[in-house]
Amino acid sequence: MKQSEAKERIEKLRTEIEEHNNRYYVLNQPSITDFEYDILLNELDALERKFPELISDSSPTRRVGSDITDEFIQYEHKYPMLSLGNTYSEEELRDFDTRIKKVIAEAVEYVCELKFDGVSVSITYRDGVLFRALTRGDGTRGDDVTTNVKTIRSIPLRLQDKSVPAEFVIRGEIMMPRAVFNKLNEERIKLEILPFANPRNAAAGTIKLLDPKTVASRSLECFFYFLLSEELPCNNHYDNLKKALEWGFNVPDSLKRCQTIEEVLEFISYWDSERKNLPFDTDGVVVKVSSLKMQQELGFTAKSPRWAIAYKYKAEEALTRLLSVTFQVGRTGTVTPVANLEPVLLSGSTVKRATLHNSDQIELLGLHLNDMVRVEKGGEIIPKITGVDHSFRSENSTKINFITNCPECGTLLIRNEGEANHFCPNYLHCPPQLKGRIEHFISRKAMGIDGLGEETIDLLFSKNLIRNFADLYDLKSGQLVPLERLGDKSVSNILKSISKSVETPYQRVLFALGIRHVGETVAKTLAAKFRTIDELISATTDQLTEVAEIGPKIASSIVSYFADGENIQLIERLRYAGVKFNTDKEIIPEGTTLNGKTIVISGVFLKHSREEYKELIEKHGGKNSSSVSGNTSFILAGENMGESKKEKAAALGVPLIDENEFLQIIGED
Ligand code: IVH
């Protein structure tokens with residue numbers, strides 16, 4: 001195919017695909033199957049690969065996201081992004097209407113819209129092409145998330161309508177459908193990654209990812225609700241949004257014009273129940289004066305427009321019976337009360353348990369057994385109890401008291417002054433704490449023993465094969481192979497990994513011991529100062545506090561750890577197994593190399609991800625910042641660093657340091 005022919009075909013395909021995108025994502029009326037759609041997209045992709053000079057940033061093929069991305073540069077919003085006044089009551093809504101009528105003499109038309117609970121985005125189009133997408137940021141400046149936004153299929157990259165203003169801004173809410181959210185969280189739980197609390201958090205986390213391919217895979221959607229331009233097509237908000245719909249924007253059809261506040265209230269009451277059938281989270285209704293002239297007359301307060309208000313729905317509540325309260329001991333000894341409830345349906349899922357946080361919360365609620373309690377799902381996964389309906393309480397019901405002794409080992413619980421939680425002080429023998437310490441010991445940043453997950457530890461524990469981490473080094477293959485769930489191969493891997501762990505450097509061994517307040521950084525500082533464990537064991541509180549960054553709290557925790565004979569015994573057993581308790585190498589304590597330095601990360605790296613570099617900067621005492629200024633100490637510069645950053649750095653005389661040089665500086669090369 002000749003280039004001129006390819007150009008023609010590419011144009012035709014792009015137009016056709018954009019039309020299908022609009023039918024599918026905006027109008028919800030697809031006219032071809034997914035399979036047929038993929039054929040068109042594949043043909044376009046193949047042609048663009050063959051004729052790369054014809055690739056355009058606004059081609060539908062770009063939606064899958066490229067591999068490279070620039071960091072989030074910030075830009076100023078042409079029109080500041082304000083927030084909205086909130087109300088939860090009909091009365092306040094009527095007050096809003098009255099305030100408006102005081103300023104405006106004629107009849108006022110309102111537009112009611114659903115308030116989408118997602119992440120707001122402001123997108124500028126120039127000459128019909130998506131130019132730039134910014135997050136809200138501080139309202140004045142936002143992060144440039146254009147590359148990620150381009151992967152969202154319901155957002156047009158290029159508009160077919162030639163009558164659109166030369167430049168306009170359109171605002172909307174980026175949403176993650178609930179079904180996508182549930183699936184994503186299931187995967188995260190499987191991979192032992194912290195699940196997102198709600199679809200809004202998931203959408204916010206996704207739009208700030210540095211890998212557009214992952215963003216593309218998360219099926220985000222966007223609903224538009226505000227058009228801004230010097231040359232708006234119509235003189236009222238409603239018609240402008242309908243125009244935007246014609247241009248190809250996903251403007252929700254729930255949009256409604258209302259002539260009176262009564263009609264507004266009807267809209268609110270209709271959607272209060274109906275919104276539960278939507279695949280997205282909505283948390284209220286936004287009411288706006290439609291006429292732009294009236295909007296102008298009403299103007300703004302410092303924070304929000306006087307011509308709009310958000311009516312927020314109350315969080316969903318249900319009434320159910322409190323069957324019992326159980327007290328869970330976490331792996332660090334913290335005790336959490338959990339309410340067991342008669343199963344009840346709340347926001348589409350069955351609730352059986354609710355967290356009670358701590359003893360203060362139980363007191364505050366004044367709970368009795370068999371009470372009818374109100375449960376609320378406030379946008380988070382775990383529901384909470386917000387109150388008791390006293391009319392259902394029977395006279396002789398028992399008050400719920402916080403326990404005095406650990407339910408796992410019987411030890412008297414302690415609550416330190418100023419702290420909200422009770423904890424079990426029996427850290428050496430309380431089973432969940434013992435398991436927690438073993439888990440910490442084998443974790444990646446400590447001894448790095450692979451093949452032993454939480455479940456295997458539980459199994460070995462229940463079979464009495466381990467009680468502490470020193471027991472790991474006595475495990476024999478003959479003890480493990482007969483256990484269900486552990487095959488020959490995994491047993492051999494576990495044992496290999498345990499014996500290899502004796503080579504772990506001294507500072508990581510110190511961290512692995514799990515001494516209270518001795519994290520990775522403190523462990524390194526200690527190892528640098530006390531080059532053998534015996535020196536550390538015999539160190540006094542005074543000697544310890546002489547070391548920079550070791551305060552009295554850490555020092556006293558270390559001294560009391562080594563004063564316990566059982567801990568010394570554990571250390572002796574580890575030493576016998578060959579674990580390293582000294583170092584002959586110079587250890588540079590952490591948290592000092594980059595002290596006082598402000599570093600900007602820019603570009604793409606080969607040896608570590610940007611997230612890892614951020615962690616490394618913090619680990620070595622530096623501060624990570626996103627924008628270059630006179631305070632920047634240096635830029636950690638990768639490939640494809642943004643031009644604007646380069647220019648700014650040159651102008652301010654900020655040095656650029658590549659990743660190899662950086663790793664050398666911090667001694668991690
Ligand atoms: S209009 C000046 N309309 O709610 C008017 N906002 O609390 C600006 N939101 O930042 C906003 N749905 O993120 C508007 N239909 C809707 C909305 C909506 C959700 C969000 C938006 C805004 C926040 C204000």
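One-based numbering, in listed order, for ligands and for the atoms of each. In what follows, residues are counted from 1 in the order of the sequence shown.
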Legend entry - Sub-4.0 Å heavy-atom contact, Asp117 with ligand 1: no
Inset, instruction - Please confirm whether Ala310 comes under 4.0 Å of ligand 1, counting heavy atoms of the residue only. - result: no
Inset, instruction - Please determine if Phe116 has a nitrogen or oxygen closer than 3.5 Å to a nitrogen or oxygen of ligand 1. - result: yes
Legend entry - N/O separation below 3.5 Å, Ser83 to ligand 1: no
Legend entry - Pair Phe223 and Phe280, ring centroids less than 6.0 Å apart: yes
Protein contact to [atom] [nearest heavy atom, distance to 0.1 Å]:
atom: atom 3 (N) of ligand 1; value: Lys288 NZ, 3.1 Å
atom: atom 15 (N) of ligand 1; value: Glu113 OE1, 2.8 Å
atom: atom 20 (C) of ligand 1; value: Glu173 OE1, 3.6 Å
atom: atom 4 (O) of ligand 1; value: Lys115 NZ, 3.2 Å
atom: atom 2 (C) of ligand 1; value: Pro305 CG, 3.5 Å
atom: atom 10 (O) of ligand 1; value: Ser120 OG, 4.0 Å

Legend entry - The single option from Phe131, Tyr79, Phe224, Tyr125 passing ring-ring contact (aromatic ring centres under 6.0 Å, His included) against Phe168: Tyr125
Legend entry - Pair Glu48, Ser59: side-chain N/O donor-acceptor within cut-off below 3.5 Å: yes
Inset, instruction - Please check if any side-chain donor atom of Gln361 sits under 3.5 Å from a side-chain acceptor atom of Asn358, or the reverse. - result: no
Inset, instruction - Identify whether NZ of Lys or CZ of Arg in Lys256 sits under 6.0 Å from the centre of the six-membered ring of Tyr270 and within 45° of that ring's axis. - result: no
Legend entry - Test item: Asp211 side-chain N/O and Lys213 main-chain N/O as donor-acceptor pair under 3.5 Å: yes
Legend entry - Donor-acceptor pair, side chain of Thr135 and main chain of Asp143, under 3.5 angstrom: yes
Inset, instruction - Count the heavy atoms belonging to other residues, nucleotides or ligands that lie under 6.0 Å from NZ of Lys101, then report whether that count exceeds 12. - result: yes
Inset, instruction - Using heavy-atom distances, let me know which of Trp307, Tyr79, Tyr225 sits nearest atom 11 (C) of ligand 1. - result: Tyr225
Inset, instruction - Classify the contact between Leu84 and ligand 1 as side chain, backbone, both or neither, using a heavy-atom distance cut-off of under 4.0 Å. - result: both
